[in-house]
Chemist: 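Structure provided below as structure tokens; questions to follow.
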Number of protein chains: 2
Amino acid sequence: MAPRPKHADATRDEDIDRFIEAWGRMGSVWGISRTMAEVHALLYITGDALCTDDIMARLEISRGNASMSLRSLQDWGIIKRVHRRGDRKEYFVADQDVWMIFRSIVRERMKREIDPLLVSLHEIRDHTREDGQKAASDIDERLDAMIEFFETATGLAERFIGPTGPGLRLAASLLGVSDKAVKSARSGRAARGGKNG
Amino acid sequence: MAPRPKHADATRDEDIDRFIEAWGRMGSVWGISRTMAEVHALLYITGDALCTDDIMARLEISRGNASMSLRSLQDWGIIKRVHRRGDRKEYFVADQDVWMIFRSIVRERMKREIDPLLVSLHEIRDHTREDGQKAASDIDERLDAMIEFFETATGLAERFIGPTGPGLRLAASLLGVSDKAVKSARSGRAARGGKNG
DNA sequence: CACCGTTTTCAGAATGGATTGAAACTTTTT
DNA sequence: AAAAAGTTTCAATCCATTCTGAAAACGGTG
């Protein structure tokens, strides 16, 4: 039967590499740089506390790059520093709760992107309004529609990521998204038995 | 009587410029290029059907760039071509329904980013599984957690953007996102101050 | 306070994505 | 079928962001 090869560790490392690559590619989606995503991937998937040198070596990146990525990841609140007694190095661990990671990222992105956009939209609309010119009324309506959308979306997001807890899971059940629904929604590949609570 | 300044059009154009700029800046968030977002902004906010030359002139971009942006926007399904009788040019109009725009964008991003990620994650997990090595079991768990998250999120998103209709509005009420947000959902009016709880 | 291991900073180099512009192509008109 | 009008493609170029590497700063220790 399945022989347990001595190169099990090498296999494991390969899998880790693949995960890092996949997650790094996602970086753009979340608006973070590839390297930053890779550093996070490494910390998340290993679950270990790693120091800067570990990360530099594993990812083959410069010290400066590692330092900056780690800093950003901390700013985003998805990794934290840990100290080891008798060791002068800093170690880093990734938050292991995927929902938390998601919340942190969404919160940060909203703060950086959506909030300023809403400010701009309001400024523009206030301006078109106070001019009171008829010419702008159609534009006004479109601005209104957009502002309304983003404010509703913001409100929704705050529910999800707010301090009230793991809102998404709640939302999932509220909306009746069952495992079945999820499975059948995925066409093509999907045979597997992921399970837990 | 509202005073009707002769520079009304100039003022309007300025407002449009500001909107284009704000929306263009958002481009990165949605993973589309700045110019593409600006073209969309122009079409959306004016509500007009514009031809390539109009867009080139207004945005001061090259023909090639305009052509490619328009093409992408069509691929994303948020603008469409219109034909005018007796005119050989193609004109373009933006979908005026903000919810539809959002749905199109989310659908497209999921197809391009999340689905491939999920495929990769499954491949990696299947691989760590079939090796059956103990060393990988902790990694397995983390992969499981991540897969479960993305599948739930995907299922949720499909609810929102599915053909069933304006799911987000429904979601908003289901989740009890302040009645304010939902009420002001009636077109034409809006009050500042998105805080709620 | 001088030393040593470590982290941060930052100017310049490298990289990759966006943009141009002109040629190639398509469609309509005469 | 040639000309005219409009659109798309793509190699070359531009530009913004990311990355490097070495120097500066930090912070304990003896």
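No experiment lies behind these values; they were computed from the predicted model shown. For the numbers below, each heavy atom of this structure counts, side chains included, while hydrogens, waters and symmetry mates do not. So you know, we letter chains A, B, ... as the sequences are listed, proteins then strands, and number each from 1.
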Chemist: How far apart are the closest heavy atoms of B/V82 and B/F92, and which atoms are they?
Modeler: CG2-N, 4.3 Å
Chemist: Which parts of nucleotides 11-30 of chain D does protein reach within less than 4.0 Å, heavy atoms only, written one letter per nucleotide 5' to 3' as B for base, S for sugar-phosphate only and - for none?
Modeler: -------SSBB-----B---
Chemist: Considering all heavy atoms of both residues, which atom of A/Y44 and which atom of A/Q96 are nearest to each other, and what is their separation?
Modeler: O-NE2, 3.2 Å
Chemist: Hydrogens and angles aside, do A/D15 and B/T128 bring a side-chain donor and acceptor to less than 3.5 Å of each other?
Modeler: no
Chemist: To the nearest 0.5 Å, what is the distance between CG on A/L50 and OH on A/Y91?
Modeler: 9.0 Å
Chemist: First contact, last contact: which nucleotides of DNA chain C are these for chain A, 5' to 3', heavy-atom distance under 4.0 Å?
Modeler: C/dC4 to C/dC10
Chemist: Rounded to the nearest 0.5 Å, what separation is found between the CE atom of A/M146 and the CD1 atom of A/I124?
Modeler: 10.5 Å
Chemist: When rounded to the nearest 0.5 angstrom, what is the spacing between CD in B/E21 and CD in B/E38?
Modeler: 8.0 Å
Chemist: What donor-acceptor contacts under 3.5 angstrom involve side-chain atoms of residues 62-73 of chain A, with partners at least two apart or in another chain?
Modeler:
| residue | atom | partner | partner atom | Å |
| --- | --- | --- | --- | --- |
| A/S62 | OG | A/N65 | N | 3.1 |
| A/R63 | NH2 | A/D53 | OD1 | 3.0 |
| A/S69 | OG | A/N65 | O | 3.0 |
| A/S72 | OG | A/M68 | O | 3.1 |

Chemist: Can you list, by residue number, the residues of residues 37-54 of chain B that have a non-hydrogen atom closer than 4.0 angstrom to DNA chain D?
Modeler: B/T52
Chemist: So, using side chain to side chain donor-acceptor pair (under 3.5 Å) as the criterion, who are the partners of B/R81 when residues are at least two apart?
Modeler: B/E90
Chemist: Minimum heavy-atom separation for B/T46 and B/L42, please, with both atom names.
Modeler: OG1-O, 2.8 Å
Chemist: Which angle, to the nearest 10 degrees, lies between the helix axes at the two ends of the helix from C/dC1-D/dG30 to C/dT30-D/dA1, each defined by five pairs?
Modeler: 10°
Chemist: How close do B/A37 and B/G24 get, counting heavy atoms only, and between which atoms?
Modeler: CB-CA, 3.8 Å
Chemist: If the plane angle is over 60° it's perpendicular, under 30° parallel, otherwise tilted; pick one for B/F149 and A/F102.
Modeler: tilted
Chemist: Where does the angle between the aromatic ring planes of B/W23 and B/H40 fall among parallel (under 30°), tilted (30 to 60°) and perpendicular (over 60°)?
Modeler: tilted
